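Please read the structure below before turning to the comments.
The structure presented is a predicted model; accordingly, all values stated were derived computationally and were not measured. Chain identifiers are assigned alphabetically (A, B, ...) following the order of the sequence lines, protein sequences preceding nucleic acid strands; residue numbering begins at 1 within each chain. The figures here come from the full heavy-atom set of this structure, side chains too, leaving out hydrogens, waters and symmetry mates.
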Amino acid sequence: MELQTLTLLVVGATFLLYIGIAVWARASTTGEFYVAGKGIHPVANGMATAADWMSAASFISMAGLIAFNGYDASVYLMGWTGGYVLLALLLAPYLRKFGKFTVPEFIGERFYSQTARIVAVICLIVASITYVIGQMKGVGVAFGRFLEVDFEVGVLVGMGIVFIYAVLGGMKGITYTQIAQYVVLIFAYTVPAVFISFQLTGNPIPQLGLGSTINDGSGLHMLQKLDQVLVDIGFANYTAMKGTTLNMILLTLSLMIGTAGLPHVIVRFFTVPKVKDARASAGWALVFIAILYTTAPAVGAMAMYNLIKTVQPGQLGTPTTNLKYDERPSWFKNWEKTGLLKFEDKNGDGRIQYYNDKNKAFAEKATGYGWKGNEMAKVDRDIMVLANPEIAKLPNWVIALVAAGGLAAALSTAAGLLLAISSSISHDLLKGVFRPDISEKQELAAGRIAMGGAILVAGYFGMNPPGFAAQVVALAFGLAASSLFPALMMGIFNKRIGNTAAVAGMLSGLIFTLVYIFVYKGWFFIPGTNNLPNNAANWVMGIQPESIGAVGAMLNFAVAMVVSRVTPPPPEHIQHLVEDIRVPRGAGGASGH
Amino acid sequence: MQPKGTAAEYWKANLRLLGISLAIWFAVSYVFGIMLVDVLNKFHLGGYPLGFWFAQQGSIYVFVILIFVYAKNMDKLDRKFDVHED
C-alpha cells in the first residue's frame, strides 16, 4: 500500500480510538473534569502521566537534537528525567495530602492570599502556553509531512484536532485516553529503534546497540565510528562537550525543577488514592518515561550515522561518491515539500555535499574537492525522528506507526496543558476570585472557551516558533522553574515564608526569566523585536536563554528568604496546615473546597 | 513494636532520607554526567565512554531506582512513626 494512504489509515485508527475513549468516559461533574475523581491506580496513573509528560519535544524533537548535538543534548535526557526525582521526593506526596484541584489553589491557601493565587495563575499560564507552542511546532512538522502539505497548513490541521479533542473530555477522558496514547507512542518509538539497532550493530536492544560494535567490518564501536564519520566531514566529536559546563549544569537544573513545577504534571498526583501512591506513582511514571529516554540516545546517534551515510556513501573527497540529487530517496523529496529540508547545489555538480563549512581547516580541504559550501542548506532538527525509519529503509507500516506515535505524544501533552490552563482560568480566576457564585455548568463553559483561546495563541506562535520544539519547551520549563517550583517547595519545607515573601519571590523569578528570554528571543517571541543578538558573545556570563530558568529560581528563593525576614510569619492556622501536609495520615480525596 | 515518635522526629528522619537521596541524584547527573565527564570518559563501559554513559543512560536508571527506594523507605518511616494511612 502507498505510504500516505497507510499513514492516514494508521493515524485515523488511533485517533478514533482516543476520541472513542474520550466520549465513552466523558466528564460530567467538575470534579471529574479536573482530576478524574480519585480512583486511579498508581501504575495506570504513572502510564498516563508518562503520556501526558512525553510531548512532541520528547518524541519528535529530542532525538533530533541528540543527533546534531551529541553529548551536549544529554541535558534534555537528564533534565527531563531527573525532575521526577524532585517531584516524587519534594512535592507530590505533600500536594496529594493537601488534596485540592489545582496548583494555584495550593499556593493561594498556603500563602493565605488571593494575590498569591492570581500570581500563580499568571505563572502557570505563561509557562503552559509556551509549552503548547512547542507542541504545535511538532504537530505541524508531523502533519506537514504526512499530508504532504506546507508546515503552516500542518499547524492549522493540528489546532483543529487538538481543539475537538481537548474540549470533549476533561481529565477523566484524558486519563484513559492517555493510557492508550502511551501504548501507541512507546510502540512507535521503540519498534524502529530496535530494527535500526539490529541493522547497524546486530544487537536488537537499542540501549545496548549504542554501546556495541558496528557491523561494517571496521571493528569499531558504534560511537567511535560516529565520532570518526563526523570529524571526517569537519564536525566536532559526537561524544565530546561543545558548549560550556556552566550552561549544561544550568540547563539541566532548569529542566529538572521545571519538570517538578509544571502544573499539568503536578495535577496528576492529585488523582491517586493515597499519599503513599503519590510517591510510587512518580516512580512508575519515570519507569515508563525511561523506556523512551534511554532509547532516544540510540535513535539520535544512529539516525545521524544513517543520514551521513546516505548523503556520503563512499570515500570522502572522491567526487563520484556523493549522492546524486536526481537519485535522492523519496523521503528526501517528501521532506523538501514541507520546506523543512532544503538542498542548494552550490557547486553545480548535481551531487549533495554535507559538511561543516564553518570549520576553516576543513572548508579549505573541501575547496580542494571542488566543493563550494555545505549544500544541505536546511535540515530542521525536528524532522529526524520522523524521517529516521525512512532513512533506514524500514517497511512502510513502521513509518506510518511513527507518525501516529508522534501525533499521540503532541496531542496528549497539548490536551493536558490546555486542561491546566482552562482550569486555572475557570476554577482559580473566575470561580475562585472574581465570580464565586457561578454554576458548575458556567464554570465548565468558561473552561472550554479558555481552551479555545489558548489554542489560537499557541497556533500562531507554533507557526512562528522561537526555536526547535524541544528548545521552545525548554523555555517553558525555565519559566515554570523560576516561578512555581520555588513557591511550592518553600510552601512545604519552610514554615516561615508568608504571603508577601512568596509573591515577591514568584514575581521576581518570573519577570527576571521572561525579560532575559525576551531580550534575546524577541518580546513575546515576536521575531525581530529582540534587543540583543542571540549568541554566546552577548549572553550574560555566557548563559543561554534556555538555561536562565535555574538562575530565576535561585533569585526566587533568595528574594522570598530575604523578604520573609522582614515581614511577619504566617498566622498559626497556616503553620498547622504545613505541619498537617507533612504527615500522610488523614488524606481524603481531592476536593474543591 | 517501635516506640511512637513525634511529628518533629518523623520530619527530621524524612529530611535525612531526602538529603541522602538528593546527594545521589546530584552525583550521578551533575558530577558524573557533566563535571567529571572528561575524566570518566577515559574509562569505558562496553562501547560507551563512561561519562557519556552516565549522561545519556546511567543517570536515568539511577533516578528510577532512587524514587522506588525512597518510597519504600518512607513507607517504613510512616509505619515506624505511626503516621501511615488507613
Side-chain angles (χ1 to χ4, degrees), chain A residues 66 70-71 73-75 77-79 81-82 84-90 93 201 207-208 210-214 220-224 238-241 245 248-249 252-253 256 273-276 279-280 282-287 289-290 293-294 296-297 300-301 493 579 582-587, chain B residues 6-8 10-12 14-15 17-22 24-26 28-38 41 44-75 77-79 81-86:
Chain A
I66 296 174
Y71 165 76
S74 309
V75 291
L77 294 161
M78 290 187 284
T81 52
Y84 273 83
V85 177
L86 299 181
L87 194 58
L89 270 52
L90 302 178
T201 67
Q207 287 85 343
L208 301 177
L210 187 58
S212 308
T213 332
I214 189 164
L220 292 174
H221 286 296
M222 181 69 223
L223 285 165
Q224 277 176 312
Y238 188 82
T239 51
M241 193 189 293
T245 306
M248 286 199 64
I249 291 175
T252 308
L253 190 60
M256 283 188 184
K274 288 191 272 178
V275 171
K276 189 178 156 194
R279 298 183 195 127
W284 282 111
L286 190 57
V287 168
I289 291 167
Y293 272 64
T294 52
F493 287 86
E579 276 158 19
R582 287 177 178 183
V583 292
R585 180 162 292 170
Chain B
T6 63
Y10 167 75
W11 189 244
K12 222 172 141 192
N14 178 20
L15 290 182
L17 201 53
L18 275 177
I20 298 168
S21 306
L22 289 178
I24 298 172
W25 163 83
F26 185 81
V28 293
S29 50
Y30 296 94
V31 180
F32 297 165
I34 301 177
M35 295 177 211
L36 295 183
V37 68
D38 289 333
N41 276 351
H44 283 79
L45 191 71
Y48 282 110
L50 190 59
F52 182 88
W53 181 80
F54 265 109
Q56 301 211 339
Q57 298 277 317
S59 55
I60 303 175
Y61 300 132
V62 176
F63 293 155
V64 172
I65 298 167
L66 204 53
I67 295 182
F68 283 111
V69 170
Y70 174 77
K72 202 163 169 61
N73 279 319
M74 279 308 283
D75 280 355
L77 217 54
D78 289 351
R79 288 183 186 281
F81 286 89
D82 194 33
V83 292
H84 59 285
E85 297 149 288
D86 43 60

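Electrostatic pairing of A:Arg585 and B:Asp82 counts as a salt bridge here, judged by a charged N lying under 4.0 Å from a carboxylate O.
Atoms CZ and NZ, on B:Arg79 and A:Lys276 in that order, are 6.0 Å from each other to the nearest 0.5 Å. To the nearest 0.5 Å, atom CZ of residue B:Phe63 and atom CG of residue A:Leu86 are 8.5 Å apart. The distance from atom CG of A:Leu89 to atom CG of B:Leu22, rounded to the nearest 0.5 Å, is 5.5 Å. Residue A:Leu253 holds its CG atom at 8.5 Å from CZ of B:Phe26, rounded to the nearest 0.5 Å. Atom CZ of B:Phe52 is separated from atom OG1 of A:Thr239 by 6.5 Å, given to the nearest 0.5 angstrom. Atom-to-atom distance recorded for B:Tyr30:OH and A:Thr245:OG1 is 13.5 Å, nearest 0.5 angstrom.
Counting heavy-atom pairs under 4.5 Å between each of B:Leu15, B:Ile67, B:Leu17, B:Leu66 and chain A puts B:Ile67 at the top. With respect to chain B, the highest number of heavy-atom pairs below 4.5 Å among A:Tyr293, A:Tyr84, A:Trp284 belongs to A:Trp284. Contact count against chain B (heavy-atom pairs under 4.5 Å) is highest for A:Ile249 among A:Val75, A:Leu87, A:Ile249, A:Ile66. Options B:Phe54, B:Tyr61, B:Tyr48 differ in how many heavy-atom pairs under 4.5 Å they form with chain A, and the most are formed by B:Tyr48. Listed options B:Leu45, B:Val64, B:Ile34 were ranked by heavy-atom pairs under 4.5 angstrom with chain A; first place goes to B:Ile34. Counting heavy-atom pairs closer than 4.5 Å to chain B, the top-ranked of the candidates A:Ile289, A:Val287, A:Leu210 is A:Leu210. Of the residues considered (A:Gly82, A:Ala296, A:Ala73, A:Gly70), A:Gly82 shows the highest number of contacts with chain B, using heavy-atom pairs under 4.5 Å.
Using a 4.5 Å heavy-atom cutoff, the side chains of A:Pro93 and B:Met74 are not in contact.
For the pair A:Tyr71 and B:Ala55, the tightest heavy-atom approach, listed with the atom from each and the gap, is CE1-CB, 3.6 Å. The two residues A:Leu223 and B:Pro49 come nearest to each other via the heavy atoms CD1-CD, 3.9 Å. The nearest pair of heavy atoms linking B:Gln56 to A:Pro297 is OE1-CB, 3.2 Å. Here the closest non-hydrogen pair linking A:Arg279 and B:Ala71 is CB-CB, 3.9 Å. Shortest non-hydrogen contact noted between A:Thr294 and B:Gln57 is O-NE2, 2.8 Å.
With a 4.5 angstrom heavy-atom cutoff, B:Ser29 touches chain A via backbone and side-chain atoms both. Residue A:Gln224 does not touch chain B at all, counting heavy-atom pairs closer than 4.5 Å. Contact of A:Met222 with chain B is not made at all, since no heavy-atom distance falls under 4.5 Å. Within the 4.5 angstrom heavy-atom criterion, only side-chain atoms of B:Asn41, from C-beta onward, approach chain A. Heavy atoms of B:Asp75 lying under 4.5 Å from chain A belong to its backbone as well as its side chain. When heavy atoms are compared at a cutoff of 4.5 Å, A:Leu220 does not approach chain B at all.
In this structure, B:Trp11 and A:Phe493 have tilted ring planes: the angle between them lies in the 30° to 60° band.
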